[in-house]
Amino acid sequence: MTDGKKILIIDDDPEILDLLKLYFKAVNYEVIESEEGLRGLELARTQLPDLIILDILLPEISGLKMCRILKRDKETKNIPIMILTALTDEETKIESLKSYADAFISKPIDKKAIIDKVNELLTKNEEKKQ
């Protein structure tokens, strides 16, 4: 399932990016990354990843706004988006889902949980395509 799948990670924390790259490369995903919101949006549109992991608090544009933009774009609307944030309140979770996010995970990151959720989202997306 993982071979050849491309994940775009957009987070302004370089330590989080490095950690997630290690996790996902270890299970044979290709990883693209951005620390900036607008650059991440551009990468989503040009690279068309199989899944996007998106922080909410980003420079230039919020992750929630970016999620809404990507889900309304015909080229990117079917890419699963997982919100990964340090914001843990229920209102943020609800706003994420209202912004069309496919999943919501709070930091600190649980390695097994995030890998399992990514695998689940990719499997569901593949099943939709068939």
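- Not counting sequence neighbours, the partners of Asp110 by the side-chain contact (heavy atoms from CB on, under 4.5 Å) test are Lys112, Ala113.
- With hydrophobic clusters built from ILVMFWY side chains whose heavy atoms lie under 4.5 angstrom apart, Leu20 shares a cluster with Leu122.
- Of the options Val31, Ile16, Leu84, a side-chain contact (heavy atoms from CB on, under 4.5 Å) to Ile9 is made by Val31 and by none of the others.
- Of the possible donor and acceptor atoms, one in the side chain of Thr123 sits under 3.5 Å from a partner among the backbone N and O of Asn119.
- Linking ILVMFWY side-chain heavy atoms closer than 4.5 Å, directly or via other members, places Leu22 and Val118 in two distinct hydrophobic clusters.
- Using a 4.5 Å heavy-atom threshold, the side chains of Lys6 and Ile32 count as touching.
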Show every donor-acceptor pair shorter than 3.5 Å between a side-chain atom in residues 72-82 and any protein atom, with sequence neighbours excluded, or say none if there are none.
unit_1	atom_1	unit_2	atom_2	d
Asp73	OD1	Glu75	N	2.7
Thr76	OG1	Leu70	O	2.6

Begin with the C-alpha distance, continue with both residues' side-chain angles, and end with the deciding distance and a verdict on side-chain contact (heavy atoms from CB on, under 4.5 Å) for Ile105 and Lys117. CA-CA 9 Å; Ile105 293 191; Lys117 185 51 106 175; 3.9 Å; yes
Pair Asn125, Asp50 - check side-chain contact (heavy atoms from CB on, under 4.5 Å), show working. CA-CA 9 Å; Asn125 205 43; Asp50 296 291; over 6 Å; no
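- Considering all non-hydrogen atoms of both residues, Tyr100 and Cys67 come closest at C-SG, 3.9 Å.
- For Asp102 against Lys71, the heavy-atom pair with the smallest separation is OD2-NZ, 2.8 Å.
- To the nearest 0.5 Å, the span separating OH on Tyr23 from CD1 on Ile114 amounts to 8.5 Å.
- Using a cutoff of 4.0 Å between basic side-chain nitrogens and carboxylate oxygens, Glu90 and Lys93 are not scored as salt-bridged.
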Counting only pairs under 3.5 Å, give me each side-chain donor-acceptor contact of residues 53-64, with atom names and distances, residues two or more places apart or in other chains.
unit_1	atom_1	unit_2	atom_2	d
Glu60	OE1	Leu38	N	3.0
Ser62	OG	Leu64	N	3.4
Ser62	OG	Lys65	N	3.0

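- Residues satisfying the ring pair (Phe, Tyr, Trp, His ring centres under 6.0 Å) test with Phe24, not counting sequence neighbours, are Tyr29.
- For the atom pair Asp89 CG and Ser106 OG, the distance stands at 9.0 Å (nearest 0.5 Å).
- Note that NZ of Lys111 and CD1 of Ile109 are 12.0 Å apart. Values are rounded to the nearest 0.5 Å.
- Residues that satisfy the salt bridge (charged side-chain N to carboxylate O under 4.0 Å, His left out) test with Glu35, not counting sequence neighbours, are absent from this structure.
- Residues Ala101 and Ile83 come closest through the heavy atom pair CB-CG1, 3.5 Å.
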Show me the donor-acceptor pairs, under 3.5 Å and distance only, between side chains in residues 39-49 and residues at least two apart or in other chains.
unit_1	atom_1	unit_2	atom_2	d
Arg39	NH1	Glu42	OE2	3.0
Thr46	OG1	Glu42	O	3.0

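- Each of Glu126, Glu120, Glu127 was checked for a salt bridge (Lys or Arg N to Asp or Glu O under 4.0 Å) with Lys124, and the lone residue meeting it is Glu120.
- The residue from Thr85, Asp11, Thr88 that alone fulfils the side-chain hydrogen bond (donor to acceptor under 3.5 Å, both in side chains) condition with Lys107 is Asp11.
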Please report the C-alpha distance between Ile52 and Ile10 in whole Å, then the side-chain angles of each, then the deciding distance to 0.1 Å, and finally whether the side-chain contact (heavy atoms from CB on, under 4.5 Å) criterion is met. CA-CA 8 Å; Ile52 299 168; Ile10 307 167; 4.1 Å; yes
